[in-house]
Amino acid sequence: MSIMQTIQKAAVKSLSALYTQPFSDTDFQVNQTKEEFEGDYTVVLFSLLKKTGQAPAALGEQLGNAMVADHPELFTGYNIIKGFLNLNIADSFWLQLLQENYADPKFGIQAFNGKKVMVEYSSPNTNKPLHLGHLRNNFLGWSVAEILKANGYDVFKSCIVNDRGIHICKSMIAWESFAGGATPESTGMKGDHFVGEYYVKFNDAYKAEIKGLVTGGMEEKLAEKEAPIMKSTQAMLLDWEAGKPEVIDLWKKMNNWVYAGFDETYKNIGSDFDKIYYESNTYLLGKKIVAEGLRKGVFVQDEDNSVWIDLTNDGLDRKIVQRKDGTSVYITQDIGLAQQKYEEYGIDQSIYVIGDEQNYHMKVLKLIAEKLELPNAENIFHLSYGMVELPTGKMKSREGTVVDADDLLTEMIKVSGNTTIQKLEETGKLKEFASEELDELYKTIGLGGLKFFLLRVDPKKKMIFNPEESIDVHGFTGPFIQYTHARIKSILRKEPLANETVQHSTLLPLEKELLVSLEQFELVLIQAAKELNPSALAIYIFNLAKSFNSFYTVHSIANAENAEKKQLRLQLAVMVSNVLKTGMRLLGINVPERM
RNA sequence: GGUUCGGUAGCUCAGCUGGAUAGAGCAUCAGCCUUCUAAGCUGAGGGUCAUUGGUUCGAAUCCAAUCCGGAUCACCA
């Protein structure tokens with residue numbers, strides 16, 4: 001139980017005894033005391049005035065007295081300012097917390113709670129390489145999954161690869177038409193980038209054909225439908241669903257190129273999945289469920305054979321679930337997958353990490369799942385995150401402003417390499433590092449900086465990716481926290497920790513500040529899981545690192561005032577480094593032993 | 001237009017289950033390395049919390065309206 005909850009419970013108990021009526025946690029608030037006032041935690045009295053019939057000062061006196069009398073080991077005193085009862089917590093409480101937990105690398109981590117959750121993220125299309133937006137998605141999904149694990153959930157990471165559909169056929173048609181047999185090997189390109197080029201070539205050719213038709217007098221709308229390259233693409237999709245061998249062969253060949261490219265990128269960013277689903281395997285189940293839904297009357301079939309669901313009574317529109325030619329649309333496979341996930345894993349909750357541009361789609365999916373009475377439909381949750389934009393505005397593939405994931409990673413690591421070399425040279429530490437260790441360090445810092453930059457803002461909000469700020473190593477950044485960890489480790493290498501307990505030391509303000517912060521770690525993890533929000537954790541770790549740095553410049557650890565202080569501070573350093581490491585790990589970021 | 005999300009310092013963001021004088025980082029300016037890693041620390045300046053009204057002892061936070069911006073409303077995914 002957190003100290004805040006302990007205080008709340010203590011206050012409820014004392015109040016109930018004082019006023020012989022029941023009180024509950026919701027009757028009042030407990031906050032951390034603001035810095036400018038004396039005390040550690042504050043009971044806000046205003047909301048209790050009516051119920052107790054007391055004035056703030058009198059109520060504060062009675063409650064403060066009672067709480068100190070009831071728990072002399074916890075509260076050492078109090079003061080009242082206006083309607084605020086500020087309580088002082090005994091140093092012995094903080095010292096005990098430290099003694100019990102400083103050496104525990106699992107501090108803050110919860111035991112298994114019996115619940116199973118699936119987190120789906122990444123979910124790329126196989127027609128183009130990953131970009132900056134995918135990185136936010138991946139980092140978020142991975143971190144949310146790890147945060148849930150730390151809170152005791154059994155978590156399955158999954159990914160749905162959109163490996164079929166009209167967009168894939170576009171790349172295939174373009175490759176057939178323009179590649180002349182070229183391959184990633186023959187061109188020396190990464191497979192996903194190679195295929196992406198043909199997707200672009202398709203669009204160029206398509207546009208040219210439309211233009212030609214319009215010049216010939218056709219209306220644009222009609223031209224979009226009649227362009228030969230589009231017609232052959234649609235024909236190819238039909239052939240694909242019919243299983244035509246040469247189409248399937250080409251499809252497999254090109255997708256494998258893409259997978260090889262994706263694997264490399266995932267490996268570089270440290271992303272992993274327990275289960276990868278392929279749309280090509282799930283869409284048939286989707287079609288089956290559509291057929292069942294049609295029998296059940298959840299869906300209706302129009303005269304042209306297209307299948308629809310009417311959601312106007314739910315405030316939405318009529319939505320197509322199967323085309324008139326019988327091929328499946330985007331949502332068809334999602335319906336199948338929703339059921340499959342549940343059947344395979346028996347999950348209690350199904351989280352989808354998908355951009356907020358698909359809010360409507362996900363709302364529809366959940367509604368359909370509920371109407372079809374799929375198992376656990378009500379526990380489908382869309383973790384909707386905001387788009388990543390550039391200082392110049394949105395990323396647009398047409399204008400070539402899309403930030404490629406691989407290019408960005410390469411650039412981040414290059415910049416962090418330059419910075420690291422420069423810093424290590426300045427301080428004369430460069431010679432202590434072997435060259436493999438340096439390579440690893442550049443990657444740790446470069447990737448850590450990028451991950452922290454993308455995870456530090458509230459997932460729900462759109463964010464601006466400023467390349468200049470993203471490579472910063474000062475202030476609210478990943479490298480700042482990595483550096484703090486490294487300098488703690490540096491001390492601990494020189495000053496081994498004795499196995500002695502500290503019991504009677506009086507805490508200095510900066511020492512107590514660290515303990516107060518450390519105590520909150522567990523609560524922060526719970527909150528981050530509840531909100532599916534890694535940024536809450538990122539902000540917390542940053543503040544902890546900042547507190548440590550302030551402490552570090554004022555108080556010496558190695559040359560502490562006496563042996564007991566030294567032991568206390570070493571314990572503090574160990575515990576801070578553990579929490580920084582755990583917290584960063586849950587964000588997917590490694591912390592170096594030295595840098 | 002319907003639905004929906006947002007508007008807090010020059011910039012990027014916290015704070016939003018109502019509580020004390022609205023915080024941080026960057027940028028700007030001024031300081032701190034003969035002691036454990038200066039990728040650090042300390043300080044200064046910088047705000048009509050979009051606007052108006054309401055609820056309340058108390059509103060950046062809740063409610064309503066307005067203004068501005070985004071997303072979405074495809075037999076695309």
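Naming convention: chains lettered A, B, ... in sequence-line order (proteins, then strands); numbering from 1 in each chain.
- Between F46(A) and F84(A), a ring centre-to-centre spacing shorter than 6.0 Å is recorded.
- Comparing atom distances between the D317(A) side chain and each of U37(B), C73(B), A39(B) picks out C73(B) as nearest.
- The side chain of N125(A) lies closest to A77(B), out of A77(B), U37(B), A39(B).
- Here K461(A) lies in heavy-atom contact (under 4.0 Å) with a base.
- The side chain of I491(A) sits closest to U37(B) out of G40(B), A39(B), U37(B).
- In this structure, the nucleotide among U72(B), A77(B), A39(B) sitting nearest to the side chain of E357(A) is U72(B).
- Here the nucleotide nearest the side chain of I166(A), chosen from A24(B), C76(B), G40(B), is C76(B).
- Comparing C75(B), U37(B), A39(B) by their closest approach to the side chain of R487(A) singles out U37(B).
- Between the CD atom of Q301(A) and the P atom of C75(B) there is a distance of 16 Å, given to the nearest Å.
- Of the listed nucleotides (U37(B), A77(B), U12(B)), U37(B) has the atom at the smallest distance from the side chain of K494(A).
- If you measure from atom CD1 of I331(A) to atom P of A77(B), you get 11 Å, rounded to the nearest angstrom.
- Paired runs in RNA chain B that reach 3 or more consecutive Watson-Crick or G-U pairs, where each pair keeps both distances under 3.5 Å, cover B:1-7 with B:67-73, B:10-13 with B:23-26, B:28-32 with B:40-44, B:50-54 with B:62-66.
- The residue from K461(A), R456(A), K460(A) that alone fulfils the salt bridge (charged side-chain N to carboxylate O under 4.0 Å, His left out) condition with D458(A) is K460(A).
- Both Y360(A) and D325(A) lie close to RNA chain B; mapped to their nearest nucleotides by heavy-atom distance, the more 5′-ward contact belongs to Y360(A).
- When the shell of 6.0 Å around CD of E468(A) is examined, it contains 12 or fewer heavy atoms from other residues, nucleotides or ligands.
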Please produce a list of atom pairs where a protein N or O lies less than 3.5 Å from an N or O of nucleotides 19-21 of chain B.
| from | atom 1 | to | atom 2 | distance (Å) |
| --- | --- | --- | --- | --- |
| A20(B) | OP2 | K34(A) | NZ | 3.4 |
| A20(B) | N6 | T42(A) | OG1 | 2.9 |
| A20(B) | N6 | N86(A) | OD1 | 3.0 |
| A20(B) | N1 | N86(A) | OD1 | 3.4 |

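- Taking the ring centre of Y552(A) as origin, the terminal cationic atom of R487(A) falls inside the region bounded by 6.0 Å and 45° from the ring axis.
- Aromatic ring centres of F480(A) and Y483(A): separated by at least 6.0 Å.
- Nearest-nucleotide positions on RNA chain B place D458(A) closer to the 5' end than the other of A558(A) and D458(A).
- You'll find that the side chain of S306(A) is closest to C75(B), out of A24(B), A14(B), C75(B).
- Closest to the side chain of M463(A), from the set C13(B), C36(B), G40(B), is C13(B).
- Under the side-chain contact (heavy atoms from CB on, under 4.5 Å) criterion, N281(A) pairs with Y278(A), not counting sequence neighbours.
- Looking at the side chain of E426(A), the nearest of the listed nucleotides A39(B), C75(B), C41(B) is A39(B).
- Among the protein residues, K429(A) comes within range of the nucleic acid bases, having at least one heavy atom under 4.0 Å from a base atom.
- Atom CG in N127(A) sits about 15 Å away from atom P in C76(B), given to the nearest Å.
- Residue Y552(A) and nucleotide C36(B) are classified as a stacked aromatic pair, their ring centres being separated by less than 5.5 Å at an interplanar angle below 30°.
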